[in-house]
*Asks:* 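Take a look at this one; I'll ask things after.
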Amino acid sequence: QVQLVESGGELVQAGGSLRLSCAVSGRTFSNSVVGWSRQAPGKEREFVAGISGSGTSTRYGDSVKGRFTISRDNAKNTVNLQMNSLKSEDTANYYCAATRSVFSYVPMPTSEYNYWGQGTQVTVSS
């Protein structure tokens, strides 16, 4: 079992930065892939970024590559998402999720993630 709680979402100006955090609890945290996904009203859930259990492998969605950075600190049981150069298109509810299975790579399909947080809202204004 893995539990996740997101925090850090807020209103931010376009071009600004924001840092989201995901507090993870559970015995499988160190072996689980943890990812961030987002969903805006009327749109499908979109993979944003993911990181392997060891932290050595990361993967990003095309729309955020070069602007967002994911990291994890297993000792503190946290996963962070640093978001820079934010655009209005980044406005969405951001979810942290973890896999049940152990992966040596970072899967992109959201269906591969089994445990989800409740989300944190990020709103980017012009």
*Asks:* Do D90 and R67 have side chains that approach each other closer than 4.5 Å (heavy atoms only, starting at C-beta)?
*Replies:* yes
*Asks:* Which value, rounded to the nearest 0.5 Å, describes the distance between S32 atom OG and I51 atom CD1?
*Replies:* 12.5 Å
*Asks:* How about V124 and M83: do any of their side-chain heavy atoms sit closer than 4.5 Å?
*Replies:* no
*Asks:* Nearest 0.5 Å, please: how far is CG in N93 from CZ in R45?
*Replies:* 8.0 Å
*Asks:* Quick check on side-chain contact (heavy atoms from CB on, under 4.5 Å): which of V34, V5, L20 does C96 satisfy it with?
*Replies:* V34
*Asks:* Examine the side chains of Q82 and N84 and answer whether a donor and an acceptor come within less than 3.5 Å of each other.
*Replies:* yes
*Asks:* Quick one: CG on L11 to OG1 on T123, what's the gap to the nearest 0.5 Å?
*Replies:* 6.0 Å
*Asks:* Between P107 and R59, what is the shortest heavy-atom contact and its length?
*Replies:* CA-NH1, 4.5 Å
*Asks:* Should E6 and W36 count as side-chain neighbours, where that means a heavy-atom distance under 4.5 Å?
*Replies:* yes
*Asks:* Donor-acceptor pair, distance only, cut-off 3.5 Å: does the side chain of R72 make one with the backbone of S52?
*Replies:* yes
*Asks:* So, for T110 and S37, which heavy atoms are closest and what is the spacing to 0.1 Å?
*Replies:* CG2-OG, 3.6 Å
*Asks:* Quick check: closest heavy atoms across Y60 and T69, and the distance to 0.1 Å?
*Replies:* OH-CA, 3.4 Å
*Asks:* Just wondering, do Q121 and T91 contact through their side chains at under 4.5 Å, heavy atoms?
*Replies:* yes
*Asks:* In the structure I gave you, are the side-chain heavy atoms of Y95 and L4 within less than 4.5 Å of one another anywhere?
*Replies:* no
*Asks:* Is it true that Y105 and V102 fall in one hydrophobic cluster, defined by side-chain heavy atoms closer than 4.5 Å?
*Replies:* no
*Asks:* Shortest non-hydrogen contact from S104 to S57?
*Replies:* O-OG, 4.3 Å
*Asks:* Under a 3.5 Å distance rule, please check whether R100 uses its side chain to pair with a backbone N or O of N114 as donor and acceptor.
*Replies:* no
*Asks:* Is a donor from one side chain sitting under 3.5 angstrom from an acceptor on the other, for S63 and E89?
*Replies:* no
*Asks:* Could you measure the distance from the OG1 atom of T120 to the CG atom of L81? Nearest 0.5 Å is fine.
*Replies:* 11.0 Å
*Asks:* Given 3.5 Å as the limit, does a donor-acceptor pair link the side chain of Y113 with the main chain of V33, or not?
*Replies:* no
*Asks:* Of all the heavy-atom pairs spanning A98 and V2, show the shortest one and how long it is.
*Replies:* CB-CG1, 4.0 Å
*Asks:* Could you state the interatomic distance from CD (E46) to CE (M108), rounded to the nearest 0.5 Å?
*Replies:* 8.5 Å
*Asks:* Do the side chains of I70 and V79 get nearer than 4.5 Å, heavy atoms only?
*Replies:* yes
*Asks:* Minimum heavy-atom separation for S85 and S17, please, with both atom names.
*Replies:* N-OG, 4.4 Å
*Asks:* Quick one: does F47's side chain get under 4.5 Å of D62's, heavy atoms only?
*Replies:* no
